Amino acid sequence: MAEPDTSRLERLSGVLKRRGVLLPAFEIHGGAKGLYDFGPVGGRLRNRVNQTWLNHWLSLGNIVEISCPTVTPYAVLEASGHVGEFSDFMTVCGSCEEASRADTLLESFHSNPDSLTKEQLQSLLDQSQPPCPACQGIEWSEITAQNLMFNTTIGAGSSGRPGFLRPETAQGMFTSFSALYRHNRERLPFGAIQVGKGYRNEISPRQGMIRLREFNMAELEYFINPHEEAGHDFTPWSEQQITLIADGQGEIQMSFKDAVEQNVIRHATVGYFMAQTFDFLVKVGIDAQRLRFRQHEADEMAHYASDCWDAEIHGSYGWVECVGIAHRGCYDLESHEKATGKSLRARREFAEPQVIETDGWTINGATAGPVFRASAGAVKAAVEALPSTTSFPQMLTLESGEQVTVEPEHVKRDQRTETITGEWYIPHVVEPAFGIDRIIWHILDHAYDETGKDGEEYTVMRLSENVAPVDYCVFPLFEKDGMGELAQSIHRTLCSKQNLVSMYDSSGSIGRRYARADEIGVPKCITVDHQSLEDQTVTIRDRDSGEQHRVDIDSL
RNA sequence: GCGGAUAUGGUGUAGUGGUAACAUAGGAGGUUUCCAACCUCUUGUCGCGGGUUCGACUCCCGCUAUCCGCACCA
């Protein structure tokens, strides 16, 4: 692997800033850490990547797009576990003032300090006095909770409710489950996708686009019935060898199909979405040779997850996690169900209806109720536990220890046959979560090519046509004899077409204009020359080959 | 969050206690029959806030941001 080339990184960042792709946000006010603008070129690029992502998943046929608020009530994120998970308990060294995480300090004093409450951590810290990793001091300040989510108040004054800016889009998909389930005619599997902003108040954002405080994310929540075999078709990827870093096996090369069959990938749906993710990333211009999937080790995974893989892309910052694909079990829906008491379940019918025969006794409410009053419920439970052969009157000892005599008129025979045709279950979820900014960074990183054209420095952004921010540049060879007017009219015709962006450029020599177009990755340049005026044809130049061919204006 | 370095046109750099230079880029015009050519004209800059000083881009302090280590990264 090549050494990180920092000067290439600097030149790339320079191009991105100069050409309006990525810029530090609010720079005239001094800038803000971890916040970036997508400029006039980058904004379009981001949109194209988002659109390609949406189309990629919508094409599967059972996936719908939704959009949920970024402002999220406290209770939602408390139920999801984020309030707990996103809090770090910090303590500060008394001698060198270095801040440390309390659970990290206490790792050698407890098997799982992450699971302790703030109070437990405090008392363990006081007892064990771990040395400061920076200065070996053992004096520690009181533990404080630091939350990595942005706090806000929803509403004003005393009626305001606490809330957060969402740290991920996923919770909206879970809280909307009932609407999604109904929309999908109450049939699983189905998925919901959403692209949008997420927020994490990182202590120390670094490395440009890699760790941001506000970021673009795209998530799919795919709801499945755990009682059903997944049955995915992996033949489209059968020739494709993928680099996998499997838990305990190191780096291996194999196809998705083999990985699933050999249980390296532990769930077929996870494998299927890994394959789909691979296709998406290649589609938007990620170099397949610099893409790998890394499995989370057992202790790295959230406790409820059964398998989790990260798609990692190699670029100027080394290998960076850009997509996480996790089998989350029923954790999320169950958490919201517990917190709200609302059912977030799907129905499955049994292959064979279950017949339950009941033969026993129950109380006659009209007679037993007035007699036993407050104990009537307990009497009912005791009577229903009796075998059908019991005869009355009968002395019973209730759970409370109270003794009662149940007379024949207090009871009636209960003989029923119940047929249960199915059950309500909590669906399982497979979640591919994409860090769009990180992917865009790597698209640019992989596309950025410094060629030594005629011994001079020359840069080309070899962006995929699927995501290129500008589709066409239209140039008049010279702005005279009507060439400018013809080029303008072609430019406007192209712009009026859906999902097409064209740029008109007439300043500077033709070579300079090609160079400008190459630098922002315009795939095709159209040039109007003298011949165009005579026979209504133009030349089209291909960015990567530099070759030109002549076509009719009407065929554009 | 801690330590170190840095901050000058759009970009990359030079430089000075008396308000700034070079390259490149941008605009207008000219020239040119297709890959950053050339000529003329032109636009635009000392991160922010204090202090010292007659005067601060320059010296001092604070802040912010960037880069590099350390720590952190569900």
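Within every chain, numbering begins at 1; the chains are lettered A, B, ... in the order of the sequence lines, protein sequences first and strands thereafter. Please read these numbers as outputs of a predicted model, since none were measured by experiment.
Classified by interplanar angle (parallel below 30°, tilted 30° to 60°, perpendicular above 60°), the ring pair F150(A)/Y199(A) is perpendicular.
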Steps toward ring-ring contact (aromatic ring centres under 6.0 Å, His included) verdict (Y504(A), F475(A)): CA-CA 6 Å; Y504(A) 177 83; F475(A) 308 141; 8.5 Å; no
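In the set A36(B), C35(B), U66(B), A36(B) carries the atom at the smallest distance from any side-chain atom of S509(A). The side chain of A515(A) lies closest to A36(B), out of A36(B), C34(B), U32(B). Residue R516(A) has its side chain nearest to G27(B) when only G27(B), C35(B), U32(B) are considered. Side-chain proximity of T459(A) to the nucleotides A36(B), U33(B), C72(B) is greatest for A36(B). For R18(A), taking side-chain heavy atoms from C-beta onward, the closest of the listed nucleotides G26(B), U11(B), U32(B) is U11(B).
Defined by atom type and a distance below 3.5 Å, a donor-acceptor pair is present between the side-chain atoms of S316(A) and D445(A). Defined by atom type and a distance below 3.5 Å, a donor-acceptor pair is missing between the side-chain atoms of D247(A) and H296(A).
At the phosphate of U11(B), OP1 or OP2 sits under 4.0 Å from a side-chain N or O atom of K17(A). An OP1 or OP2 oxygen of U11(B) is reached within less than 4.0 angstrom by no side-chain nitrogen or oxygen of R19(A).
Y458(A) places its OH atom 16 Å from the C1' atom of U24(B), with the value rounded to the nearest Å. Residue R550(A) contributes atom CZ, which lies 12 Å from atom P of C34(B) at whole-angstrom precision. Atom CD in E479(A) sits roughly 9 Å away from atom P in A28(B) (whole-Å rounding). For Y317(A) and U66(B), the OH to C1' distance is 11 Å, given to the nearest whole Å. In this structure, CZ of R513(A) is placed 12 Å from P of C34(B), rounded to the nearest angstrom. One atom, CD1 of I210(A), and another, P of U66(B), lie 14 Å apart when rounded to the nearest Å. One atom, NE2 of H29(A), and another, P of U64(B), lie 16 Å apart when rounded to the nearest Å. The distance between atom CD1 of I520(A) and atom C1' of A36(B), rounded to the nearest whole Å, is 15 Å.
Pair check for C41(B) finds G27(B); Watson-Crick or G-U wobble, both atom distances under 3.5 Å. Pairing for C2(B) goes to G69(B), judged as Watson-Crick or G-U wobble with the two contacts each under 3.5 Å. In this structure G12(B) sits in a base pair with C22(B), meeting the Watson-Crick or G-U test at under 3.5 Å. Pairing partner, G55(B): none, since no Watson-Crick or wobble contact has both distances short of 3.5 Å. Across all strands shown, C48(B) is found opposite G62(B) as a Watson-Crick or G-U wobble partner, with both distances under 3.5 Å.
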Without placing hydrogens or testing angles, list every side-chain donor-acceptor pair under 3.5 Å for residues 428-444 of chain A, not counting sequence neighbours.
{"residue": "D437(A)", "atom": "OD1", "partner": "N216(A)", "partner atom": "ND2", "Å": "2.9"}
{"residue": "D437(A)", "atom": "OD2", "partner": "N216(A)", "partner atom": "N", "Å": "2.5"}
{"residue": "R438(A)", "atom": "NE", "partner": "I210(A)", "partner atom": "O", "Å": "2.7"}
{"residue": "R438(A)", "atom": "NH1", "partner": "E321(A)", "partner atom": "O", "Å": "2.6"}
{"residue": "R438(A)", "atom": "NH2", "partner": "I210(A)", "partner atom": "O", "Å": "2.9"}
{"residue": "H442(A)", "atom": "ND1", "partner": "R438(A)", "partner atom": "O", "Å": "2.8"}

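The residue Q548(A) sits close to a base: some heavy atom pair falls under 4.0 Å. Using a 4.0 Å heavy-atom criterion, one finds that F478(A) contacts the bases of the nucleic acid, with or without backbone contacts as well. As judged by a 4.0 angstrom heavy-atom cut-off over every strand, G546(A) is placed among the base-contacting residues. S507(A) comes within contact range of the sugar-phosphate backbone alone, with a heavy-atom separation under 4.0 Å but no base atom that close.
For a distance-only test at 3.5 Å, the side chain of R541(A) qualifies as a donor-acceptor partner of the base of C35(B).
Across the P atoms, G12(B) and A25(B) are found 15 Å apart, a figure rounded to whole Å. Atom name C1', nucleotides G49(B) and U11(B): the rounded distance is 27 Å, in whole Å.
For the pair G14(A) and K33(A), both in contact range of RNA chain B, the more 5′-proximal nearest nucleotide belongs to G14(A). Along RNA chain B, the nucleotide closest to G208(A) and the one closest to E547(A) are compared, and the more 5′ of them pairs with E547(A).
In this structure, T175(A) and H336(A) have side chains that are in contact, with non-hydrogen atoms separated by less than 4.5 Å. L45(A) is not listed as a side-chain neighbour of F38(A), based on a closest heavy-atom distance of 4.5 Å or more.
Looking at residues 523-530 of chain A, you'll see T527(A), D529(A), H530(A) sit with a heavy atom under 4.0 Å from some atom of RNA chain B.
A salt bridge links D505(A) and R516(A); the closest N-O separation between the charged side-chain nitrogens and carboxylate oxygens is under 4.0 Å.
The distance between the ring centers of F273(A) and W57(A) falls below 6.0 angstrom.
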